[in-house]
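Side-chain atoms are counted along with the backbone in the values below, which use heavy atoms only and exclude waters and symmetry mates.
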Amino acid sequence: MEDAYDFGIILQKLRKEKGLTQEQLARKINKESSIISRYEKGLQSPTFDTVKAFAAIFNVSMDYLSGTEKRERISAYNLTDQQLAIVNKLISVFRNGNETSNKKLSPESCQLLGEIVEELSR
């Protein structure tokens with residue numbers, strides 16, 4: 001990110017990455033489109049609740065929106081317990097895979113892929 005406090009640049013980047021117009025984003029938070037322009041230009045600061053809404057819309061943390069966190073995070077919001085368990089297993093598999101040079105899938109990885117396919121076919 002550019003500046004740790006340049007919320008407007010971060011908001012605009014995320015909005016464009018998601019393919020939203022200012023008007024579409026404003027509708028998602030029940031505001032006028034002019035307010036999005038004001039946020040992006042740094043002319044006005046959003047409320048806490050508005051930043052929270054943006055974080056949910058863009059699937060990032062509030063720290064990321066403020067520029068204090070440089071890495072995007074994956075939100076587990078609205079996932080079922082089973083989906084959350086799959087995501088946690090997948091993260092573990094990726095971490096373990098990064099620590100070894102073994103390119104073959106372990107039995108655990110194959111089982112996880114089966115769970116993912118089953119979840120996606122619902």
Side-chain angles (χ1 to χ4, degrees):
M1 292 293 122
E2 284 73 16
D3 181 16
Y5 300 104
D6 208 340
F7 175 83
I9 290 173
I10 296 166
L11 179 65
Q12 184 178 56
K13 174 188 167 286
L14 290 170
R15 177 180 61 77
K16 287 181 176 182
E17 284 176 356
K18 196 152 181 123
L20 296 171
T21 65
Q22 288 180 345
E23 185 175 323
Q24 290 169 325
L25 181 57
R27 272 186 270 152
K28 288 182 176 287
I29 61 167
N30 298 316
K31 305 264 187 201
E32 297 292 321
S33 59
S34 61
I35 195 75
I36 302 301
S37 176
R38 292 181 64 76
Y39 293 156
E40 289 182 357
K41 291 177 182 175
L43 300 174
Q44 187 170 341
S45 296
T47 65
F48 177 82
D49 287 336
T50 301
V51 174
K52 201 162 100 173
F54 286 142
I57 290 166
F58 296 118
N59 195 27
V60 297
S61 71
M62 292 174 66
D63 285 341
Y64 183 81
L65 281 171
S66 72
T68 58
E69 180 182 300
K70 302 302 180 200
R71 292 183 55 165
E72 292 184 48
R73 298 229 181 235
I74 298 171
S75 172
Y77 175 75
N78 210 20
L79 295 182
T80 66
D81 288 343
Q82 184 176 2
Q83 291 167 333
L84 188 56
I86 290 171
V87 169
N88 283 325
K89 287 181 194 174
L90 188 56
I91 290 169
S92 177
V93 167
F94 279 136
R95 284 187 180 139
N96 290 337
N98 288 341
E99 294 170 4
T100 66
S101 61
N102 184 2
K103 298 297 178 191
K104 289 187 176 184
L105 289 177
S106 68
E108 296 82 15
S109 296
C110 291
Q111 179 183 351
L112 177 58
L113 286 173
E115 290 175 26
I116 292 169
V117 169
E118 182 179 323
E119 184 64 30
L120 291 173
S121 64
R122 288 184 186 179

Check: [Y] and [X] side chains under 4.5 Å, non-hydrogen atoms:
X	Y	answer
Tyr39	Phe54	yes
Ile35	Thr50	no
Leu79	Ile86	no
Leu11	Leu25	yes

Starting at [atom1] of [X], measure out to [atom2] of [Y] and round the result to the nearest 0.5 Å.
X	Y	atom1	atom2	answer
Gln24	Lys18	CD	NZ	11.5 Å
Leu112	Glu119	CG	CD	11.5 Å
Gln83	Asp81	CD	CG	9.5 Å
Glu40	Lys16	CD	NZ	7.5 Å
Arg38	Ser45	CZ	OG	10.5 Å

Closest non-hydrogen atoms of Pro46 and Val51, given as atom of the first, atom of the second and distance, are CG-CG2, 3.5 Å
In short, Ala53 meets Ile29 closest at the heavy-atom pair CB-CG2, 3.9 Å
More than 12 heavy atoms of other residues, nucleotides or ligands under 6.0 Å from CD of Glu32: is that the case?
no
Does any N or O in the side chain of Lys89 come within less than 3.5 Å of the main-chain N or O of Gln111, such that one atom is a donor and the other an acceptor? no
Taking it one step at a time, do Phe48 and Met62 satisfy side chain to side chain contact (heavy atoms under 4.5 Å, CB included)? CA-CA 9 Å; Phe48 177 82; Met62 292 174 66; 3.2 Å; yes
Go through the steps to decide whether Leu14 and Ile57 satisfy the test side chain to side chain contact (heavy atoms under 4.5 Å, CB included), and finish with yes or no.
-> CA-CA 10 Å; Leu14 290 170; Ile57 290 166; over 6 Å; no
From the list Glu23, Lys41, Lys31, Gln22, side-chain contact (heavy atoms from CB on, under 4.5 Å) with Ile36 holds only for Gln22
